[in-house]
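Read the structure below first, then the notes.
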Amino acid sequence: MALTSLRRAGRSEMTRAPRRERREAAAMAECLSEITNTAGPVDAKEELLGECESIWKQMEECQSKLMLLGTETLLQSDAKLSLLMLRWKALTVDSHQWQVRNPEIISTNPDALLELGKEELQKVKNDLEMVLSAVRSKNKQLEEDLKSLKVREFNELKSKILKLKTHKKKLLSALGEFLSEHFPLPEKDENIENKNPSSEKVVELITLQDILEMLINKLMTTPHEPYITINESFWPPYIELLLRCGMALRHPKDPNRMRLQAFHK
């Protein structure tokens, strides 16, 4: 009695799989039928339906063989274990076949293949157009961000330059006041006495601030040639003061030229 029940349970379990596979095969055939109705000619549709029928018959034969194998006489003690082993072997073989098999072409009809290929190419085209649109939108956003960044950096740099110019003017003004107070130019009478009485023209001396500005500008504009030429308008005490304080250096070969000390190095 127990063996009979086990056999019935096995048959019931085995017949469920064919029903599901019938439904899946029917759905696949219906899907293929819809594809051919919308894309391919009548000959391609009939050919695909014929191939589906052939595949369905092969599946029915395989299921019949499996059911025959399940009806063999089994001992009551190992009936359940043998049934499970049989199902495990069948699933293992099926899994191995799916792993090693190569993709098969549904049909060899060129018209059907052409229509299916057109459909796949259209899907790929639509996907690529979506990607292209996204990339263009991203590039546009990046260009706007870059432009905004450049404008912001330019404004910040311009503001810094204005602040530096203002600070420079303040420093030069303070330096001029300090030098005018503590290092004034000699009086005109003293300047005339130091000159040769026979000289017809009195040289106009420049201030210490002017000398420093000349040295700074020369160093900044032509750092490879920072020397300036000392002429009669340079008051000698100013030159000696700059040299002794280490603020200026004479040219090693020409004593009439000097440069500002490179404090920034």
Side-chain angles (χ1 to χ4, degrees), residues 125 127-265:
K125 178 184 176 182
D127 294 340
L128 292 176
E129 288 178 349
M130 293 178 62
V131 173
L132 179 60
S133 177
V135 171
R136 286 177 176 175
S137 177
K138 187 66 175 179
N139 288 341
K140 185 177 180 180
Q141 183 64 34
L142 290 175
E143 288 178 358
E144 293 178 355
D145 294 342
L146 182 60
K147 184 178 180 180
S148 177
L149 179 62
K150 288 182 177 180
V151 172
R152 185 169 63 252
E153 290 181 352
F154 175 76
N155 292 333
E156 291 178 356
L157 182 60
K158 185 178 180 180
S159 178
K160 290 180 179 179
I161 292 174
L162 291 176
K163 290 180 180 179
L164 288 175
K165 288 183 177 180
T166 304
H167 187 62
K168 177 184 176 182
K169 289 181 179 180
K170 292 181 179 180
L171 289 177
L172 291 177
S173 178
L175 178 62
E177 293 177 0
F178 176 80
L179 295 176
S180 297
E181 180 180 356
H182 298 280
F183 302 94
L185 283 171
E187 297 295 334
K188 291 184 178 180
D189 296 339
E190 182 182 354
N191 187 22
I192 294 174
E193 291 177 357
N194 292 332
K195 294 295 179 178
N196 190 352
S198 62
S199 62
E200 298 179 356
K201 185 178 179 181
V202 179
V203 178
E204 187 71 21
L205 298 178
I206 61 176
T207 63
L208 182 58
Q209 181 181 359
D210 293 335
I211 297 175
L212 289 174
E213 289 183 2
M214 291 174 61
L215 291 170
I216 293 172
N217 293 333
K218 187 65 175 177
L219 179 63
M220 299 303 296
T221 55
T222 57
H224 59 283
E225 185 60 32
Y227 292 93
I228 64 173
T229 302
I230 302 172
N231 52 39
E232 295 180 354
S233 62
F234 288 68
W235 195 35
Y238 286 164
I239 305 302
E240 293 297 328
L241 175 64
L242 295 176
L243 293 174
R244 289 182 180 181
C245 293
M247 298 182 65
L249 298 174
R250 286 189 185 273
H251 194 280
K253 297 182 180 180
D254 188 358
N256 292 324
R257 300 177 66 192
M258 69 177 184
R259 56 164 291 177
L260 186 70
Q261 179 67 268
F263 296 104
H264 61 285
K265 292 184 179 180

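It should be emphasised that the depicted structure is a prediction, and the values quoted were computed from it without experimental measurement. Residues take their numbers from the sequence shown, with the count starting at 1.
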- Query: By side-chain hydrogen bond (donor to acceptor under 3.5 Å, both in side chains), which residues pair with D127, not counting sequence neighbours?
  - Reply: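 side-chain hydrogen bond (donor to acceptor under 3.5 Å, both in side chains) list for D127, sorted by chain: empty.
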- Partners passing side-chain hydrogen bond (donor to acceptor under 3.5 Å, both in side chains) against Q141 (at least two apart in sequence or in another chain): D145
- Query: Would you call L142 and L146 a side-chain contact if the rule is heavy atoms closer than 4.5 Å?
  - Reply: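 In short, these two side chains do not touch, never coming nearer than 4.5 Å.
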- Donor-acceptor pair, S180 side chain versus G176 backbone, under 3.5 Å?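 Yes; judged by distance alone, with no hydrogens or angles, the pair exists.
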- Message: Would the distance check show the side chain of S133 and the main-chain N or O of E129 forming a donor-acceptor pair, the cut-off being under 3.5 Å?
- Response: no
- Message: Please find the pair of heavy atoms, one from A248 and one from L215, that lie closest to each other, and give the distance.
- Response: CB-CD1, 4.4 Å
Sequence neighbours left out, cut at 3.5 Å: what donor-acceptor pairs do the side chains of residues 216-225 make with other protein atoms?
from: N217; atom 1: ND2; to: E213; atom 2: O; distance (Å): 3.1
from: T221; atom 1: OG1; to: N217; atom 2: O; distance (Å): 2.7
from: T222; atom 1: OG1; to: K218; atom 2: O; distance (Å): 3.0
from: T222; atom 1: OG1; to: E225; atom 2: O; distance (Å): 3.0
from: E225; atom 1: OE2; to: R257; atom 2: NH2; distance (Å): 2.3

- Query: Of the options F234, W235, F183, which is the one that meets L208 in a side chain to side chain contact (heavy atoms under 4.5 Å, CB included)?
  - Reply: F183
- State which residue, out of K170, K168, K163, fulfils the side chain to side chain contact (heavy atoms under 4.5 Å, CB included) condition with T166.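 By the side chain to side chain contact (heavy atoms under 4.5 Å, CB included) criterion, T166 pairs with just one of K170, K168, K163: K170.
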- Message: What's the separation between atom CE in M247 and atom CD1 in I211, rounded to the nearest 0.5 Å?
- Response: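 Interatomic distance, M247 CE to I211 CD1, rounded to 0.5 Å: 11.0 Å.
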- Query: What distance separates N256 CG from I228 CD1, expressed to the nearest 0.5 Å?
  - Reply: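 Output value for this atom pair is 11.5 Å.
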- Please name all residues satisfying side-chain contact (heavy atoms from CB on, under 4.5 Å) with I161, sequence neighbours left out, ordered by chain then number.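 I161: side-chain contact (heavy atoms from CB on, under 4.5 Å) contacts with L157, K165.
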- Item | Residue pairs fulfilling salt bridge (Lys or Arg N to Asp or Glu O under 4.0 Å) with at least one residue in residues 240-254, sequence neighbours excluded | E240-R250
- Query: Taking the inter-plane angle between the rings of F178 and H182 on a 0 to 90° scale, is it parallel (under 30°), tilted (30 to 60°) or perpendicular (over 60°)?
  - Reply: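 Ring orientation of F178 relative to H182: tilted.
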Donor-acceptor pairs under 3.5 angstrom involving side-chain atoms of residues 147-155: please list them, not counting sequence neighbours.
from: N155; atom 1: ND2; to: V151; atom 2: O; distance (Å): 3.1

